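Since the structure is predicted, the reported quantities are computational estimates derived from the model, not experimental observations. Scope of the values below: all heavy atoms of this structure, side chains included, with no hydrogens, waters or symmetry mates. Along the sequence shown, residues carry numbers from 1.
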Amino acid sequence: MTAFSSLEHHAAQIDRMSPHHDGLDKIFDPIFYEFDKVMKRHAAFDLFFICLCTAEVVTLTFFFALLAHSLVLALSLSIVFFTFFAYFTLRIYLQIKKPEHFHAIKERYLNACKGLIDFQENSADYYNALAGACCKFANKLHYREYNYYRPPSWFSFLAPTMERFSCWLHWQDIHLMKERMLKEAVKEHINYVKCQPTSLEAHASLANAYVMLSGLYIDPRKLEGYDEDRWIPKGKYEEKFNENFRFTAERAIEEFKILSEYAPDDPWVHSQLAYSYHDLQMPMEEIKEYEAIQKLLPTDNDNLYKLGMLYFQQGLNAKGLRAYEELKKAHYNKAESLINYYGSYEGS
């Protein structure tokens, strides 16, 4: 089986839609614009009331001394409290209605995509292409929550603050829409598997869809190589997200296990299982997968390095030293750095 990344695979699915990629753009752009318009209306609503409340509080504070013994003070306070009350009441109402709008937009997008797909309905290619369209929408939402409040160019110094403010107010909305689209992609891939239960490509597609969905629930700051400086709300990756991540990652592992049964000699399958076990913090299972890769690719020094690192981290120092010696003999450029992991095991 050919190895491929989830993003490359779903991009290929999108290109398989008919007529051509331009046809998808013709329906994608206006529907995505509609979603963005809904979000911008909510952003304008929040910004208007926040500015109004701020102006009222500042004005009341500034003239407090003059109004201290006047009925105007009581009237001013009542106006401030009414404004706050109106804002939170209306916001709760709009938040309740928002999922309905998102659902309607999703259904309109899916129905439009179905009209473009040239494959027979309820076929594997049909489900495959529809899942790819869902992933396209979800990918377009990446980091969208940071972009709903833009200061004028002469106030560019406020841009980082406004990005944080935008994320704080709207990350849940973007997350909800991405989640709905990716879950729809998983659903279509499940239908794809039902059409071709013994197809390796079908199970790989479903596994990759689960991997993409699980990415919504994992804190990117915990991933190796993450170096972005974007602000992330403190309570975003809470326990509920961890539960969703574990559930989704376990579904991906089950699909990769199926692939392992069908293609036990494919290194890509074992590497995907290793990544999944790593994310689930299951180091001994991760080690087994890297050991399987090492048997299949005995000259892969990068894999041996990862394996040696895991050996040391799990207190398997004898095996770690053997890996170190092999890398030294092969003149691997990172062999010396491997020994730094010696003694890193801390126990349970």
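Taking the side chain as every heavy atom from C-beta outward, Y277 and P283 never approach each other to under 4.5 Å. Contact annotation: the side chain of N317 approaches that of Y342 to within less than 4.5 Å [non-hydrogen atoms, C-beta and beyond]. Looking at D36 and R144, their side chains come closer than 4.5 Å, going by heavy atoms from C-beta outward. Looking at L338 and M309, their side chains come closer than 4.5 Å, going by heavy atoms from C-beta outward. Considering only heavy atoms from C-beta on, C134 stays 4.5 Å or farther from K187 through its side chain. Between N340 and F312, the closest side-chain pair of non-hydrogen atoms is not below 4.5 Å. Considering only heavy atoms from C-beta on, P220 comes within 4.5 Å of I232 through its side chain. For the pair C53 and V80, the minimum side-chain heavy-atom distance is 4.5 Å or more.
For the pair K334 and Y305, the distance from NZ or CZ to the six-membered ring centre is under 6.0 Å and the angle to the ring normal is within 45 degrees. Remark: R251 is positioned above the aromatic ring of F247, its terminal NZ or CZ atom under 6.0 angstrom from the ring centre and at most 45 degrees off the axis.
Note: F28 and F137 have perpendicular aromatic rings, judged against thresholds of 30 and 60 degrees for the angle between ring planes. Taking the six-membered ring where tryptophan is involved, the planes of Y192 and H189 are tilted, since the angle between them lies from 30° to 60°. Aromatic ring pairs are classed by plane angle as parallel below 30°, tilted from 30° to 60° and perpendicular above 60°; the pair H170 and Y148 is perpendicular. A perpendicular orientation is assigned to the rings of Y143 and Y146, their planes being inclined by more than 60° (bins at 30° and 60°).
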* Could you please spell out the steps behind the side chain to side chain contact (heavy atoms under 4.5 Å, CB included) verdict for F32 and L141? => CA-CA 9 Å; F32 188 83; L141 293 171; 3.5 Å; yes

* **Verdict with supporting geometry, Y217 and F245, ring-ring contact (aromatic ring centres under 6.0 Å, His included)** => CA-CA 5 Å; Y217 306 121; F245 169 75; 7.8 Å; no

* Is there a ring-ring contact (aromatic ring centres under 6.0 Å, His included) between Y275 and H270 once you walk through the steps? -> CA-CA 9 Å; Y275 295 146; H270 293 289; over 10 Å; no

* **Test side chain to side chain contact (heavy atoms under 4.5 Å, CB included) applied to Y109 and M181, step by step** => CA-CA 10 Å; Y109 176 65; M181 283 298 177; 3.8 Å; yes

* Run the numbers on M39 and M177 for side chain to side chain contact (heavy atoms under 4.5 Å, CB included), then give the verdict. => CA-CA 11 Å; M39 290 299 302; M177 195 63 178; over 6 Å; no

* Decide side chain to side chain contact (heavy atoms under 4.5 Å, CB included) for W268 and F256; before the verdict, give the C-alpha distance in whole Å, the side-chain angles of both, and the deciding distance to 0.1 Å. => CA-CA 10 Å; W268 176 78; F256 285 127; 4.1 Å; yes

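Both L90 and F84 sit in one connected hydrophobic cluster of ILVMFWY residues. Membership requires side-chain heavy atoms under 4.5 Å apart, directly or through other members. In the hydrophobic cluster analysis, where Ile, Leu, Val, Met, Phe, Trp and Tyr join through side-chain heavy atoms closer than 4.5 angstrom, L52 is grouped apart from I92. Residues I50 and F82 are members of separate hydrophobic clusters, defined by side-chain heavy-atom contacts under 4.5 angstrom among Ile, Leu, Val, Met, Phe, Trp and Tyr. A single hydrophobic cluster is seen to contain both L94 and Y87, as judged by linkage of ILVMFWY side chains at heavy-atom distances under 4.5 Å, directly or through other members. Cluster annotation: Y33 and I105 are assigned to distinct hydrophobic clusters (Ile/Leu/Val/Met/Phe/Trp/Tyr, side-chain heavy-atom contacts under 4.5 Å, transitive).
In plain terms, the two heavy atoms of S214 and T248 that are nearest each other are N-CG2, 3.6 Å. A pairwise comparison of heavy atoms in I31 and A112 identifies CD1-CB, 4.2 Å as the closest pair. Residue L200 comes nearest to L259 through the heavy atom pair O-CD2, 3.4 Å, listed as atom of the first residue, atom of the second, then distance. Closest of all the heavy-atom pairs between A330 and N301 is CB-ND2, 3.8 Å. Shown here for P267 and L296, the closest heavy-atom pair between the two residues is N-CD1, 4.1 Å. In this structure, M212 and L182 approach most closely via the heavy-atom pair O-CD1, 3.8 Å.
At most 12 heavy atoms of other shown residues, nucleotides or ligands fall within 6.0 angstrom of atom CZ in F85. Within 6.0 Å of atom CD in E261, 12 or fewer heavy atoms from other residues, nucleotides or ligands are found, so the atom counts as exposed in its surroundings.
The main-chain N or O of Y290 is found under 3.5 Å from a side-chain atom of N303 such that the two form a donor-acceptor pair. In terms of modelled atom types and a separation under 3.5 Å, the side chain of N128 and the main chain of A124 share no donor-acceptor contact. Of the possible polar contacts, none joining the S260 side chain to the K257 backbone as a donor-acceptor pair under 3.5 Å is found. Proximity of a side-chain donor or acceptor of S166 to a complementary backbone N or O of E163 within less than 3.5 Å is not detected.
No salt bridge links K114 with E121; every basic N to acidic carboxylate O contact stays at or beyond 4.0 Å. A salt bridge links E336 with K328; the closest basic N to acidic carboxylate O contact falls under 4.0 Å.
A distance of 9.5 Å separates CH2 of W168 from OH of Y149, quoted to the nearest 0.5 Å. With values rounded to the nearest 0.5 angstrom, K288 atom NZ is found 13.5 Å from L310 atom CG. The distance from atom NZ of K98 to atom CG of D173, rounded to the nearest 0.5 Å, is 3.0 Å. We find the NZ-NZ distance between K178 and K140 to be 13.0 Å, quoted to the nearest 0.5 Å. Rounding to the nearest 0.5 Å gives a distance of 10.5 Å between CZ of R108 and NE2 of H103. How far SG of C167 is from CD of Q172: 10.0 Å, rounded to the nearest 0.5 Å.
Exactly one residue among E255, Q196, E254 makes a side-chain hydrogen bond (donor to acceptor under 3.5 Å, both in side chains) with H203. That residue is E255.
Aromatic pair F45/F49: centroids less than 6.0 angstrom apart.
Side-chain contact of T83 with E56: a donor-acceptor pair under 3.5 Å is present, judged by distance alone.
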